[in-house]
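Step one of this worksheet: look at the structure below.
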Amino acid sequence: DDLFDKDTAGANFGVQLNLDADLKNGFTFGSQLSYLGTAGLEKNLVTGVRQTATDNGMSNISDEIALTKIFVAKKVGNTTVKVGRQALPMSLSPLAFSEGWNVFENTFEAALIVNSDIPDTLVVGAYVGQSNGSTGDIASFGDLRVRTTASTTNATVAGTAYMLTVQNKSIPMTTVTASYYDLANVGANLLVTEDIGADAVWADVAIADKSLPMGLKIGLQAGSIMPDDATATKFADTTALGIKVGLAPIKDLTLCAAYTSVDGDDNKV
């Protein structure tokens, strides 16, 4: 089929309502109600949808509504604790974050602690249990998962993920972010005899400032995921790194060059 054929196209029509409240004494409440329908686009423009609000399709109005956020937060001094269904930003949780490429971003069942007592530094701790994912049913929350290219195997985290991130801006024009994750009960489509644990680390250095010549921006990233038992049939240590350089030499022109490398095992997750 051609690129713009009805048979190759999918679409949704969605509305999100964010409701926030100040509960006093440092407590705040937040929620997000999502309506996800089609507005009749499937009649003559598309044949499928990008996301759904339930597994039942969209035959009833109740099938088109989902509670995608609901949380309570408490601030004490320079520390904020946020518990419930919420979005996680990529800048502070680089390996488990809310992706905005689809109709609606995914959210997480999580507890988040953010502290700014140290000058120019954010210290973030998180307990992440479930997510609704960026595709499929946004109303159903399940195990954390990632799609891989190793025999179309899905790696899942049946347990929880614990995260610690430190982000520092003490160096002029530079933001340094370092994250550590502890993953429990990692499995691969039940293709291993037992679930194992895994550690993951991430480092990110972003250099940018209006005073740099020609709008120069530099990004350096590196990360590694290390299963506790690297000899298991379907798991292997994986390390990745990347560098990106951007320039804006004249108005309305941006140039960018990037290089990435991944070291792993093509036959394992």
Side-chain angles (χ1 to χ4, degrees), residues 1-23 27-73 80 82-112 126-149 152-161 163 187 189-190:
D1 294 321
D2 294 334
L3 180 62
F4 295 102
D5 273 2
K6 177 182 177 181
D7 291 339
T8 58
N12 283 92
F13 170 76
V15 177
Q16 284 187 323
L17 178 63
N18 291 287
L19 302 172
D20 302 304
D22 183 356
L23 304 180
F27 285 93
T28 56
F29 167 83
S31 64
Q32 182 183 75
L33 189 65
S34 298
Y35 164 79
L36 193 58
T38 64
L41 293 171
E42 78 282 2
K43 297 296 184 179
N44 57 1
L45 293 178
V46 302
T47 56
V49 295
R50 305 300 300 165
Q51 290 176 312
T52 61
T54 70
D55 285 331
N56 300 323
M58 297 182 181
S59 57
N60 301 302
I61 185 64
S62 59
D63 298 331
E64 301 177 338
I65 296 176
L67 187 62
T68 46
K69 289 183 184 179
I70 183 164
F71 61 83
V72 174
T80 299
K82 188 175 180 181
V83 181
R85 188 171 295 180
Q86 58 188 288
L88 295 178
M90 181 173 58
S91 60
L92 297 177
S93 181
L95 298 182
F97 61 91
S98 296
E99 303 178 42
W101 59 269
N102 211 336
V103 183
F104 291 145
E105 68 177 9
N106 58 302
T107 51
F108 296 86
E109 298 282 6
L112 187 72
Y127 167 95
V128 186
Q130 293 182 317
S131 174
N132 55 1
S134 298
T135 61
D137 177 8
I138 63 171
S140 295
F141 284 71
D143 293 341
L144 303 177
R145 62 191 185 276
V146 61
R147 184 74 172 182
T148 76
T149 57
T152 64
T153 299
N154 283 323
T156 61
V157 182
T160 54
M163 183 203 75
N189 281 3
L190 304 179

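We're numbering straight along the sequence, starting at 1. Keep in mind the model is a prediction, meaning the values are calculated, not measured.
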Worksheet item: Which atoms form the tightest heavy-atom contact between L144 and S131, and what is the distance?
Response: CD2-CB, 3.8 Å
Fill in: CZ (F141) with more than 12 external heavy atoms under 6.0 Å
yes
Worksheet, complete the sentence: In terms of heavy-atom contacts, G133 and N106 come closest through O-CB, 3.1 Å
Practice prompt. Mind running side-chain contact (heavy atoms from CB on, under 4.5 Å) on T8 and D2 for me, showing each step along the way?
Written response: CA-CA 7 Å; T8 58; D2 294 334; over 6 Å; no
Response to the item:
Rounding to 0.5 Å, atoms CG (N132) and CZ (F104) come to a distance of 11.5 Å
Worksheet entry | Nearest-0.5 Å distance that lies between atom CD1 in I138 and atom CD1 in I65 | 11.0 Å
Discussion item. Please check: side-chain N/O of T160 versus main-chain N/O of G129, any donor-acceptor pairing under 3.5 Å?
Written reply: no
Item to complete: Could you check L33 against L19 for side-chain contact (heavy atoms from CB on, under 4.5 Å), going step by step and ending with a plain yes or no?
Response: CA-CA 8 Å; L33 189 65; L19 302 172; 5.8 Å; no
Worksheet, complete the sentence: Residues Q51 and V103: closest non-hydrogen pair is OE1-CB, 3.3 Å
Item to complete: Please round to the nearest 0.5 Å and tell me the distance separating atom OH of Y35 and atom CG of N12.
Response: 9.5 Å
Discussion item. Between D22 (side chain only) and T28 (backbone N and O only), is there a donor and an acceptor less than 3.5 Å apart?
Written reply: no
Fill in: Test side chain to side chain contact (heavy atoms under 4.5 Å, CB included) applied to Q32 and T68, L17, I70, the passing residue
T68
Item to complete: Output yes when a side-chain donor or acceptor of N102 lies under 3.5 Å from a complementary backbone atom of T135, and no otherwise.
Response: no
Practice prompt. Identify the heavy atoms of R85 and L67 that sit nearest to each other, and give their distance.
Written response: NH1-O, 2.7 Å
Discussion item. Applying side-chain contact (heavy atoms from CB on, under 4.5 Å) to E64 and F13, what does each step give before you reach the verdict?
Written reply: CA-CA 10 Å; E64 301 177 338; F13 170 76; over 6 Å; no
Fill in: Minimum-distance pair of heavy atoms, taken over all atoms of D137 and A139
OD1-N, 2.9 Å
Worksheet item: For G84, does its backbone N or O pair with a side-chain atom of K69 as donor and acceptor, under 3.5 Å?
Response: no
Worksheet, complete the sentence: Between A9 and L45, the two heavy atoms sitting closest are CB-O, 4.0 Å
